[in-house]
Amino acid sequence: MKTMKAVTVYGPRDARMEDVPMPQAIDDMIIIKVLRTGVCATDDSIYTGDSSFIRSGEIVYPCRFGHEYAGVVEAVGPNVTEFKPGDRVYTDNFVSCGKCEACARKDYMSCSHIDSVGTVNCWDGCYAEYMQMPERHVFHLPDELSMDEGALIEPASIAYDAFKGVTLTENDTAVVIGTGAIGMISVWLAKYYGAGKVILVGRTPAKLEVGKLVGADDVINSRECNVIEAIKEKSGGKGASLIVETSGSPSALRESLLSVKRYARISIVSFYERNLDDLPIDPIVLGCITVKGAAGCDGNAPAVCEIMRKNPVKLTPVVSHHIPFENCLDVFENEQNYHATKIKAMITFD
C-alpha cells in the first residue's frame, strides 16, 4: 500500500506528522497533489484545543485538519469526466454526500450530511501530501493565478459572504476590523465592489501598511485612538455603511455597533470562542442595523476565483510566510514566533 505524509491532531497541542495510507482514485474521486496549504486561525484553535467546535463535540480528535489548499491532479477515478492528471485545481471546503435528494439537484448546501474539510464532521484535511475529493467539489484553477492565489480562494470565499446583498457606492464608507487574511481580503473586496472609502482597523503598523496594498484608503491603529470616534471622523461624521468584523474581539464587535450609520450592515466573519455579554442591542434596533453572519456557502469559491482573475489588484501581499511542509508543525508549536508578522502563512510542498 502506498503511503504519504500527513499531520493529524490527536489532542490539544498534540499534532504528529505520520505516514498514512494514500487515498485512492475510485469512482468520482480525484486525487490532488497538494502544493499549497494556508494556515488558518481555526487550524490553530484545533491544535490548541481552544476551538468552540471542540467543546461542542462538532470536531472530534483525532482530526486531520487544514482546509485551504491548491494543487495539481495526480489521478482520477473511472467516473471523473472533467479533469485529468496535471490539471491545476482548487476545491470547496466541504463535501456533500452525493446521494440525497438535495445532491441530486446539485443543491449541495442542503445535503442531509455535509463533511467539512479539516474541521466539523471532518473530511481528512490538507496538511497532507495528497487530498481526495469528489469531482463535484473540484474546480479548475486559471493559468493566470498562482498556487498561492489558489490557496487563498478558500478564505476569500468566506469573506465574500460578508458582501452578499450589499451595494456600495462612492458615497459609502466600508470599515474592516482585523488585519488577518480574512480582513485583508475583505478590504480587497470592499474596494472591488465600489466603496468610496475603505478603512482598515488593526493594531500592528506593518500589517496596516499591507492593507493599503490591497485596497485600504485609510487605516486606524486601535492602540492609538478611540476607534468609534476615528470611524465617525473619517466617514465625515456619518458612520460606516458596512463594517466587516473579522478579529473575533468582543470589544471590536461592540465598537462596530456604535460606529455605523442608520440602515447599515455589520457582517461578522469571525468566531468568538465564547458567549458574549453586555452587547448593546438598542443601537441595532434604533438604527435599523442588519447584523449578518458570514461563513461561506456553495458557489462562493468559483465566484471569488473569477473576481481574483479579473481584479488587477493582487492579493499576494497578504502571504507573509512560506514554510516547507516538513517544518509545518513549527507554526503551531512556536506560534509566538510568527504572531507579530503573520497574516497568511503558506505551507509549501514543491
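For clarity, every value in this text was computed on a predicted model and none was experimentally measured.
Using a distance-only test at 3.5 Å, with no hydrogens or angles considered, a donor-acceptor pair links the side chain of Glu245 to the main chain of Ser247. For Ser249 (side chain) and Ala252 (main-chain N/O), a donor-acceptor pair under 3.5 Å exists by modelled atom type. No side-chain donor-acceptor contact under 3.5 Å links Arg36 to the backbone of Asp350. Put simply, the side chain of Arg88 gets close to the backbone of Pro142: a donor and an acceptor are under 3.5 Å apart. Judged by distance alone, the side chain of Asp87 and the main-chain N or O of Lys84 form a donor-acceptor pair under 3.5 Å. Between the Asn226 side chain and the Ile228 main chain, a donor and an acceptor come within less than 3.5 Å of each other. Formation of a donor-acceptor pair under 3.5 Å by the Thr204 side chain with backbone atoms of Ala206 is not found in this model. With hydrogens and angles ignored, the 3.5 Å screen pairs a side-chain donor or acceptor of Thr48 with a backbone N or O of Asp50. Side-chain N or O atoms of Asp161 include none that pairs as donor or acceptor with a backbone N or O of Ala294 at under 3.5 Å. The backbone N or O of Met131 lies less than 3.5 Å from no partner atom in the side chain of Lys33, so there is not a single donor-acceptor pair.
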- Go through Ile177 and Ser256 one step at a time and tell me if the side chain to side chain contact (heavy atoms under 4.5 Å, CB included) criterion holds. CA-CA 9 Å; Ile177 301 177; Ser256 298; 3.3 Å; yes

- Apply the test ring pair (Phe, Tyr, Trp, His ring centres under 6.0 Å) to residues Tyr90 and His140: give CA-CA distance (whole Å), side-chain angles for both, the deciding distance (0.1 Å), then the verdict. CA-CA 7 Å; Tyr90 65 99; His140 290 280; 9.2 Å; no

- Task: Let me see the working for Phe349 and Phe325 under ring pair (Phe, Tyr, Trp, His ring centres under 6.0 Å), right down to the final yes or no.
- Result: CA-CA 6 Å; Phe349 295 74; Phe325 178 54; 4.5 Å; yes

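Using a 4.0 Å cut-off between a side-chain N of Lys or Arg and a carboxylate O of Asp or Glu, Glu333 and Arg13 do not qualify as a salt bridge. With respect to Arg309 and Glu306, a salt bridge is recorded, a charged nitrogen being found less than 4.0 Å from a carboxylate O.
Within the model, atoms CE of Met184 and NZ of Lys344 stand 12.0 Å from one another, a figure rounded to the nearest 0.5 Å. Rounding to the nearest 0.5 angstrom, the gap separating the CD1 atom in Ile347 from the CG atom in Asp43 is 9.5 Å. With rounding to the nearest 0.5 angstrom, the CD1 atom of Ile114 is 10.0 Å from the CG atom of Asn93. Note: Lys99 NZ to Cys97 SG = 7.5 Å, rounded to the nearest 0.5 Å. A distance of 7.0 Å separates SG of Cys40 from CD1 of Ile182, quoted to the nearest 0.5 Å. One distance of note links CG of Leu315 with CG of Leu213; it measures 11.0 Å at 0.5 Å rounding.
Using modelled atom types, one finds no donor on one side chain facing an acceptor on the other under 3.5 Å when comparing Ser157 with Glu154.
Val175 has its side chain out of reach of Val244: every pair of non-hydrogen atoms, C-beta onward, lies at least 4.5 Å apart. The shortest distance between side-chain heavy atoms of Glu68 and Thr37 does not fall below 4.5 Å.
When hydrophobic residues (I, L, V, M, F, W, Y) are linked wherever their side-chain heavy atoms come within less than 4.5 Å, the members clustered with Val20 are Met4, Met22, Ile31, Tyr130.
Closest heavy-atom contact between Val187 and Gly215: CG1-C, 3.6 Å. Contact record, Leu279 with Arg254: CD2-CG, 3.5 Å, taken as the closest heavy-atom pair. Closest approach of Arg265 to Ala162, counting heavy atoms only: NH2-O, 2.7 Å. Nearest approach of Lys238 to Asn171, heavy atoms of both residues: NZ-O, 3.2 Å.
Under the ring-ring contact (aromatic ring centres under 6.0 Å, His included) criterion, Tyr127 pairs with Phe65, Phe332, sequence neighbours left out.
A distance of 6.0 Å or more separates the ring centres of His67 and Phe94.
The side-chain hydrogen bond (donor to acceptor under 3.5 Å, both in side chains) analysis of residues 181-198, with sequence neighbours excluded, yields the pairs Lys191-Asp217.
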